[in-house]
Engineer: 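For reference, the structure I am asking about is given below.
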Amino acid sequence: MVRHLILTHHGSFRPYGPLLEGPDAPPLQDPTTDEWATRVDEFNQLVRTYGPYSLALAEAIVRLADWAASRRLA
């Protein structure tokens with residue numbers, strides 16, 4: 001769960017978002033890589049375990065916490 005939250009928060013992984021292919025594509029966004037397939041399987045397991053709304057809530061909490069921390073540092 002923590003890896004998923006970090007990857008999604010930093011924009012490195014969205015299993016059903018825009019897919020990129022080719023030499024310049026990050027491995028986690030290129031559906032032709034084994035790493036992408038592994039992350040999709042992990043994402044599907046998280047959805048089965050926590051449900052889509054709880055997973056989205058966890059992502060939102062991380063995002064809001066980051067915004068709050070950034071405001072305090074500014």
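Residue indices begin at 1 and follow the sequence shown.
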Engineer: State the CG-OG1 distance between Asn44 and Thr49, to the nearest 0.5 angstrom.
Structural biologist: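 One finds 10.5 Å between CG of Asn44 and OG1 of Thr49.
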
Engineer: Which pairs pass salt bridge (Lys or Arg N to Asp or Glu O under 4.0 Å) with one or both residues in residues 45-59, sequence neighbours excluded?
Structural biologist: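 Listed once each, the pairs are Arg14-Glu59.
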
Engineer: So does Phe43 have more than 12 non-hydrogen atoms from other groups sitting under 6.0 Å from CZ?
Structural biologist: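 It does: Phe43 CZ has more than 12 such atoms within range.
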
Engineer: Is there a path of hydrophobic side-chain contacts, each under 4.5 Å between heavy atoms, that joins Met1 and Leu7?
Structural biologist: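 Both belong to a single hydrophobic cluster.
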
Engineer: Does any part of the side chain of Ile61, heavy atoms only, come nearer than 4.5 Å to the side chain of Leu57, both counted from C-beta?
Structural biologist: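 They are in side-chain contact.
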
Engineer: Atom CG of Leu55 and atom OG1 of Thr8: how far apart are they, to the nearest 0.5 Å?
Structural biologist: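 Atom-to-atom, Leu55:CG and Thr8:OG1 are 7.5 Å apart.
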
